[in-house]
Amino acid sequence: MAEAYDFTAVERKWQERWASEGTYEVAQDDPRPAYYVLCMYPYPSGRAHMGHVRNYTFGDLIVRHRTMNGQAVLSPIGFDSFGLPAENAAIQTGVHPRTFTDARIEELKSSLKAIGAVYDWRREIRSHDPAYIRWNQVIFKRFLEAGLAYRAMAPVNWCPGCQTVLANEQVLADGTCERSGDVVTKRDLEQWFFRITHYADELLAALDGLDWPERVKTMQRNWIGRSEGAEFDLAVEGRPDLKLRVFTTRPDTSFGMTYAVLAPEHPLVAELTTADRRPDVEAFVERVRRTSEIERQSTEGPLEKRGVFTGSHVANPFNGRSIPVYLADYVLMGYGTGAIMAVPGEDQRDWDFAKAYGLPIIRTVEPPEDWEGEAYTGDGPAINSEWLDGLEVAAAKQRAIEWLEEKGLGVRKVNYRLRDWLVSRQRFWGCPIPIVYCADCGAVPVPDEELPVLAPDDVEFRPTGESPLKFHDGFRLVKCPSCGGEGERETDTMDTFVDSSWYFLRFCDPWATDEPFSPAAAEHWMPVDQYIGGIEHAILHLLYARFFTKALADVGLAPAGLREPFSRLFTQGMVRLGGTRMSKSKGNLVSPDEVLAEVGADALRLSHLFAGPPADDVDWEGVSVEGCFRFLNRLWRLGTGQVDGDIGDRAEQDADVEIERATHRLITKVDQDYGRWSYNTAVAALMEFTNTLYEYVRSGARRQTLDEAFDTALLLLAPMAPHMTAELWERRRGGRIHAMSWPQADPELARLQKVMLIVQVNGKVRDRIAVDADISAEDAEAVALASPRVVELLGGRQAKKVISRPPRLVNVVV
RNA sequence: GCCCGGGUGGCGUAACCGGUAGGCGCGGGGGGCUUAAACCCCCCUGAGGGGCAACCCUCAUGUGGGUUCGAAUCCCACCCCGGGCACCA
C-alpha cells in the first residue's frame with residue numbers, strides 16, 4: 001500500500017466536511033467556557049497574500065487548539081469592504097464599487113478556505129451591507145445625541161491623492177498620507193468629529209491592564225501624550241481688556257520667564273502687534289502660512305527667521321516683570337492655548353530662541369556642579385525664584401500651581417496631544433453620514449426609521465476627484481426631517497475606520513434587527529480573548545476600537561462594564577522578501593496559491609509556523625517549504641505503515657518505555673509552546689519526535705507503543721496541519737481528530753529518570769556521566785570525583801571547591 | 001536626540017531560571033535503493049589543531065571590559081541593524 005499523500009484530494013475533502021458539518025459554528029447557549037479569537041478585519045483585496053496566510057494560520061490554529069481544550073470558540077470573519085481602491089477601480093473601469101468589492105471578497109474567502117481556516121461563516125459581516133450601514137448610522141446618531149459627535153470648522157489634513165480629508169492618525173510623521181504617500185496640506189473645512197479626547201485619560205490609564213505587547217502600549221501612550229501642568233493669564237501692558245493665556249508643564253520655572261511666544265495663527269496676533277511692528281509681523285505670518293506642514297514641523301532652518309517681535313509686552317504674574325511677546329512658527333495653535341511662556345534656562349528650544357534674539361536667560365533650577373549643557377531640564381533645587389527657592393522640581397510645581405489657584409490667576413491643567421477624530425470623508429464608497437442640512441433647522445439627523453441612508457447606484461464615476469454624491473440631486477436634495485422644508489443631504493461618508501471600530505461586537509450577534517447587537521451577546525463573548533493582527537494598526541485601528549467600545553457602553557448600546565475590546569493582543573511580524581516588504585508595487589509577491597498548488601495547505605501553514613518566532617518579521621527567501629513538506633510526507637508514511645522496519649506485538653521492553661516517556665515529554669513541551677506562542681519550537685519538537693519514531697521502527701517497535709506515540713503526535717499537530725492529521729486520524733482511529741481532547745502529559749512519565757551529569761573542571765566540560773535524575777548533591781559530587789578523567793586532571797591535587805548542582809552539573813575547582 | 005527590539009554555523013532559527021552552545025530545518029558532502037534520475041532511506045557537516053583509532057585539545061554567540069566556580073544569558077561602555085517618537089511648551 002505505497003500510497004503517496006494526495007494533499008489536493010485530502011484538503012478538499014476536509015474543507016468540505018468542516019463546512020458541511022458546521023464544526024466551528026457556536027451558539028451563545030453553549031455550555032463550554034466561551035473563548036473569542038479574532039484576526040483583524042481584512043480589507044478584501046482579492047486573493048490572500050502571504051501576510052494574510054500568516055495571520056490566518058495563527059488564528060485558525062488557536063481556534064482548533066482551544067476547541068480541543070474544551071472551549072466554545074467564537075471564530076468569526078468579515079470584510080472591511082469600504083474604501084478607496086474600489087472607488088478608484090470604478091473611475092478607471094466603470095464597474096460599480098459594489099460589484100468590484102463583492103468579487104474581491106469571494107476571492108479572499110476562497111483563499112481562506114484553501115488554507116484550511118475555519119470560521120462560523122453564518123456570522124460573516126461586510127461593511128457595505130445595508131444592515132451594517134444602518135447600525136453604523138444609528139451609532140453615529142447616538143454619539144451625536146451624547147455629544148460624542150460634533151461638527152466643527154477646523155484646519156484639517158487634506159490629501160490631494162485621496163481627494164479627501166484625513167484624521168491626524170492617518171498622517172505620517174513626515175507629513176505624508178499613510179495610504180497614498182502624498183504630501184498632506186491644510187484646509188479650513190467644516191467637518192464631523194468624534195470626541196475621542198473625552199476618553200483621553202481612560203484610554204491612557206486602561207492600557208496598564210491590557211495584555212498587549214509593550215511596544216504597542218508605548219506607542220498609544222505617546223500618541224495620547226498626556227502632560228500635566230498649569231494654565232494662567234499674562235496681563236497685556238497698556239491693554240487692560242486683554243489677557244494672554246499660556247499653558248506650561250513647568251510652572252515651577254515661572255520666575256525664569258523672559259519672553260512669551262504666540263503661534264502665528266493665534267487670535268490675538270493682530271491685537272498685540274504694534275503699528276511699527278505690523279509690516280514685519282504680517283510678512284512673517286504670511287510666510288508661515290505658505291510654508292508646508294512638513295517644513296514647519298522640521299527642526300531645520302535658522303532660528304532668526306522663525307520668529308518675530310510683536311512690539312507688545314506682558315507681565316509675569318509671579319514677579320510683575322515686563323517681558324516681550326514674540327511669534328514663532330514652532331509654537332502650535334492646536335496644542336494647549338497656542339501661547340507659551342518662555343523659560344530659556346530650563347527649555348532648550350527657548351534657550352536657542354533666546355540666544356538667537358538676544359533675550360535674557362535666568363536659571364531657576366540649580367544644575368549639578370559638573371553641568372556643561374545649556375538649558376537644564378533635570379531635577380534640582382529652585383533658585384532665583386523667591387518663595388520657591390530650595391524646593392525640588394516636583395514640590396515647586398505643586399507650590400506654584402497652588403499659588404496660581406489661590407490668587408485666582410490660573411488653574412491646574414492636563415493637556416493631551418490626542419485630538420478629536422475627524423471622521424468626514426469626501427468619498428463615495430463609504431457609509432453615508434445620516435444628516436440633512438436645513439437653512440432653518442441646521443444639521444438635522446435622519447430619523448431612525450428612515451435608516452439606512454444608502455448611496456444611490458445610478459452614479460457616474462469621473463476622475464474629477466470629487467464624490468459623485470455631490471452631483472446626484474436625487475440623493476442630495478431632500479426635505480428637512482424636522483420642518484419639511486428644502487434640505488440638503490450630507491454628501492460626506494464616514495472614515496472606514498468607523499466600520500472596523502465595532503465589527504467585533506456585531507460578530508457576537510450579527511442577526512440582531514432591533515439594535516446593532518444585543519448587549520447580552522456582547523456580555524457573553526466580549527472582550528475578545530485573543531486578537532491577532534499586524535503592528536501597523538498599533539495606533540489607528542486599535543485606539544479607535546478602544547474608544548468606540550467605551551463610547552458604545554456609555555450611550556447604552558454595549559454592556560456598561562465593557563470598557564476594553566481586546567484583552568490580549570498579538571502582533572505578528574511582517575512577511576518580507578529579500579529584505580524588503582512584499583508588495584504589489586515592488587512586484588516581489590510570492591503567491592500563496594503557487595505554494596498551495598505545489599505542496600498543499602498544511603505544508604504552507606507549517607512553513608509559516610516553523611519560519612521563526614511569530615512576533616518577528618520573516619523573510620520568505622529563507623523559509624523552507626521543502627523541509628515542512630518532507631516532514632509531512634515522512635509523517636504520512638509512518639502513519640500509513642510505509643516505513644521499513646519491524647513492528648510487532650510484544651511485552652513492553654526498556655526501549656518501549658523510553659518511547660512512552662518521550663511521548664509524554666513531547667506533550668509537555670508542545671503544550672508549553674502553544675501557550676507561549678512558540679510554534680516554531682513546537683514544530684521542531686514534533687519533527688525531532690518523528691525522527692525518533694523512525695529510528696524506533698527501524699530498530700524494532702512494539703505496535704501499541706508506536707501507535708500511541710504516533711497518535712499523540714497527530715493530536716499535537718492537528719491545529720497546525722489540520723488536513724493531514726484529520727485524514728490519518730480517520731483512517732487509523734475513525735472519527736474526527738479535531739473533536740478529540742488535547743493530550744495530557746503524565747508528569748511522572750514525562751520526568752526524565754536518567755540524566756547526563758556534566759562534570760567540569762575549572763568550568764570546562766571534562767566528562768559526562770549518566771546518573772539518576774534524583775541524585776543527591778553529595779552523590780553527584782562523589783560520582784564526579786570518581787571519574788577517571790577528573791582523577792587524571794587533578795593529578796593528586798586536592799579540589800579547592802566543588803560546586804554540585806544535581807542532576808545536571810558538578811564543577812570541580814582546583 | 002530619546003524610547004523599545006535585535007546581532008549565535010554558509011542560511012532561517014533553538015538553548016525557557018546563569019549550568020553540555022548548535023536541537024530542528026535549509027544548504028553542502030558521502031553512502032544505499034534505482035538500468036538511470038527524481039523521490040525515499042542512512043551517515044557526516046562551527047573553525048583550527050593532534051591522534052592508527054575510540055577520542056582529545058584550543059578557539060568560538062557584534063566589540064571591549066566586569067561580576068561569577070561557571071555568562072549567548074546579568075552589569076558597564078561602544079559598534080551595527082530594525083522599529084517607534086521627535087518643536088506638544
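Separating the C1' atom of B:rG29 from that of B:rA21 is a span of 24 Å, rounded to the nearest Å. Annotation: B:rG65 and B:rU73 have their P atoms spaced 14 Å apart (nearest Å).
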- request: Heavy atoms under 4.0 Å is the rule here; annotate nucleotides 8-21 of chain B 5' to 3' with B where the base is hit, S where only the sugar-phosphate is, and - elsewhere.
  value: ----BSSSB--BB-
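If you check the side chains of A:Gln348 and A:Thr377, you find no donor sitting under 3.5 Å from an acceptor.
Backbone-only contact: A:Asn691 has heavy atoms under 4.0 Å from sugar-phosphate atoms and none from a base. Across all strands shown, A:Thr249 has heavy atoms under 4.0 Å from sugar-phosphate atoms exclusively, and none from any base.
The distance between atom OH of A:Tyr694 and atom P of B:rG32, rounded to the nearest whole Å, is 21 Å. As rounded to whole Å, 12 Å separates atom P of B:rA89 from atom CZ of A:Arg226. Rounding to whole angstrom units, CE of residue A:Met687 and C1' of B:rC26 are separated by 10 Å.
Taking the six-membered ring for Trp and the full ring otherwise, the centers of A:Phe318 and A:Phe232 sit less than 6.0 Å from each other. In summary, the aromatic rings of A:Trp351 and A:Phe353 are positioned with their centroids too far apart to meet the 6.0 Å limit.
Taking only side-chain atoms of A:Arg634, from C-beta outward, the nucleotide of B:rC69, B:rU58, B:rC41 with the closest atom is B:rC41. Candidate nucleotides B:rC24, B:rC69, B:rC57 were compared by shortest atom distance to the side chain of A:Arg789, and B:rC57 ranks first. Nearest nucleotide to the side chain of A:Asn222, out of B:rC85, B:rC26, B:rC24: B:rC85. Each of B:rG83, B:rC24, B:rA86 was ranked by its minimum atom distance to the side chain of A:Glu688; first place goes to B:rC24.
Using a cut-off of 4.0 Å between Lys/Arg side-chain N and Asp/Glu carboxylate O, A:Glu214 and A:Arg221 are scored as salt-bridged.
In this entry the base of B:rC55 is anti relative to its sugar, with a glycosidic angle more than 90° from 0.
The aromatic rings of A:Phe58 and A:Phe570 stand perpendicular to each other, their planes meeting at an angle above 60°, with 30° marking the opposite boundary.
Across all strands shown, the partner of B:rG1 is B:rC85, judged by Watson-Crick or G-U wobble contacts whose two distances both fall under 3.5 Å.
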